[in-house]
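Okay, structure first, notes after.
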Amino acid sequence: MPELPEVEVVRRGIEPYTAGWRVERVEVFDPRSLKRHPGSVADFIGALEGRDLLAAVRRGKFLWLPLADRDPRQSEALVCHLGMSGQILLGDHPEQFGPLLRVALELSGPDGESITWGFVDQRLFGSLAIDTVVETIPGVPAGRGSDDPGIPSQVAHIARDVLDPAADLSAIARSMRKKSSGIKRVLLDQTVTSGVGNIYADEALFSTRLHYDYPANRLSQSRALDLLSAVGGVFDRALEQGGTSFDWQYVNVNGQGGYFSQSLNAYGQDGQACSRCGRIIVREAFMNRSSFRCPRCQPRPRVR
DNA sequence: AGCGAGCCCTGCGCGC
DNA sequence: TGCGCGCAGGGCTCGC
């Protein structure tokens, strides 16, 4: 569900409750939400209770909370991935988060106040884990939200997203153009660039008038850069509107949805007129998912 | 090596 | 009303 803009909205929502805050108590209601944690449930709880949070950092769709060192030789972070249906909600007590609450954290703040974090996830594709932090390029922040170059090992293979000031867009464009796959598959490959999911891929392709199955290696460098620029543009606009909400599945930490669904030009618009040319937007299966495109603005490539 | 299929899950809305 | 089916914003692993 959540793509980069939605995860960034969540990151901004929890950021005020990281530095200066301490995890007092952890409750795990469903161990399946810890499937990316390398140890047991008890190990997860033991590794987190009593720890001080330092920041809320995001790269692509991955979020992590660096923890103050318990062992100076080994830094750790709480890694969160929301999967298709994950939410982080803030409240006063776990009971308010409903039956899909999987994990709750009780935090205490610098002035003795307390808050409860609820990790809510219908489909259980999301996860929480304590992970070790590995070094990346010295002096270059690993993601948005901290100047620290360290990154959790589970996130190390994820490429920088286009909103990352340290992202080398020319290099990303070149790596895209080495692939023979359809361009949408490449956009969704989080090791090429991150944060793009089904919605924003379709929006960026619409904006650039590209068919999802256009071979990536047939793009010129400037066309590939145009596409990355379109990805950044749609991310920025979605962020301004609080992200894309179709239903209760995506909400910010206060339970409120975003408004970008009203600005979508392609995703979910099948049967509607193209905002550019008036032709009817179609929906097609690609990669076992739905893709939406304008048949006139984004024609099928002549040869594949 | 790179690609594509399959799998991990639950719940909602629709048509019969 | 009730059931079965298709569908949903993601990512990892395993074959070929």
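Order of the sequence lines sets the chain letters (A, B, ...), proteins ahead of strands, with each chain counted from 1.
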Rounded to whole Å, how long is the line connecting atom [atom1] of [X] with atom [atom2] of [N]?
X	N	atom1	atom2	answer
A/Ile199	C/dA8	CD1	P	11 Å
A/Ile158	C/dC12	CD1	C1'	10 Å
A/Asp202	C/dG9	CG	P	9 Å
A/Arg58	C/dG10	CZ	C1'	16 Å
A/Gln190	C/dT13	CD	C1'	16 Å
A/Asp121	C/dG9	CG	C1'	12 Å
A/Asn198	C/dG11	CG	P	11 Å
A/Asn217	B/dA1	CG	P	19 Å

Sub-4.5 Å side-chain heavy-atom contact between A/Tyr200 and A/Leu4: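 They are not in contact (no side-chain heavy atoms under 4.5 Å apart), so the answer is no.
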Validation row: A/Asp202, A/Lys184 side chains within 4.5 angstrom (heavy atoms):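 Contact flag for A/Asp202/A/Lys184 side chains = yes.
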For [N], does OP1 or OP2 lie under 4.0 Å from any side-chain N or O of [X]?
X	N	value
A/His81	C/dG10	no
A/Ser85	C/dG10	no
A/His157	C/dG11	no
A/Arg36	C/dC12	yes
A/Tyr200	C/dG9	no

Pairing pattern in dot-bracket form [Watson-Crick, G-U; both distances under 3.5 Å; | = partner strand] for DNA chain B: .|||||||.|||||||
A/Phe125: partners by ring pair (Phe, Tyr, Trp, His ring centres under 6.0 Å), with sequence neighbours left out: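 Here no residue qualifies.
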Qualifying residues under ring pair (Phe, Tyr, Trp, His ring centres under 6.0 Å), relative to A/Phe246, sequence neighbours excluded: A/Tyr267
Sole candidate of A/Leu188, A/Leu227, A/Asp213 that passes side-chain contact (heavy atoms from CB on, under 4.5 Å) when paired with A/Ile183: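 By the side-chain contact (heavy atoms from CB on, under 4.5 Å) criterion, A/Ile183 pairs with just one of A/Leu188, A/Leu227, A/Asp213: A/Leu227.
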Options [options], nucleotide nearest the side-chain atoms of [X]:
X	options	value
A/Ser180	C/dG9, B/dC3, B/dG4	B/dC3
A/Arg283	C/dG9, C/dG11, C/dC7	C/dC7
A/Ser181	C/dG11, C/dC7, B/dG4	B/dG4

Neighbour count above 12 (heavy atom, 6.0 Å) for A/Tyr17 OH: no
Greater than 12 external heavy atoms within 6.0 Å of A/Asn254's CG: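 Yes, because the 6.0 Å sphere around CG of A/Asn254 holds more than 12 heavy atoms from other groups.
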Touch class at under 4.0 angstrom, heavy-atom based, for A/Ser290 against every strand present: sugar-phosphate
Touch class at under 4.0 angstrom, heavy-atom based, for A/Ser245 against every strand present: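 Answer is base: heavy atoms of A/Ser245 come under 4.0 Å of a base.
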With sequence neighbours excluded, residues passing salt bridge (Lys or Arg N to Asp or Glu O under 4.0 Å) with A/Arg144: A/Glu8
Pairwise P distance, B/dG6 and C/dG6 [rounded to whole Å]: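 The same atom, P, in both gives a distance of 15 Å.
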Side chain to side chain contact (heavy atoms under 4.5 Å, CB included) against A/Thr116, all qualifying residues, sequence neighbours excluded: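 With neighbours one apart ignored, the set is A/Pro94, A/Phe97, A/Ala104, A/Glu106.
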Base-contact (B) and sugar-phosphate-only (S) positions in nucleotides 6-13 of chain B, heavy-atom cut-off under 4.0 Å, - elsewhere: --BBBS--
Candidate pair A/Trp21 and A/Asp52, rule side-chain contact (heavy atoms from CB on, under 4.5 Å), full reasoning: CA-CA 6 Å; A/Trp21 290 70; A/Asp52 291 324; over 6 Å; no
Pairwise 5' ranking along DNA chain C for A/Gln154 and A/Tyr267, keeping only the more 5' one: A/Tyr267
Side chain A/Arg289 and base C/dG10 donor-acceptor under 3.5 Å: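 Check passes, donor-acceptor contact within cut-off.
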A/Phe286 and A/Tyr212 aromatic ring geometry - parallel, tilted or perpendicular at 30°/60° bounds: tilted
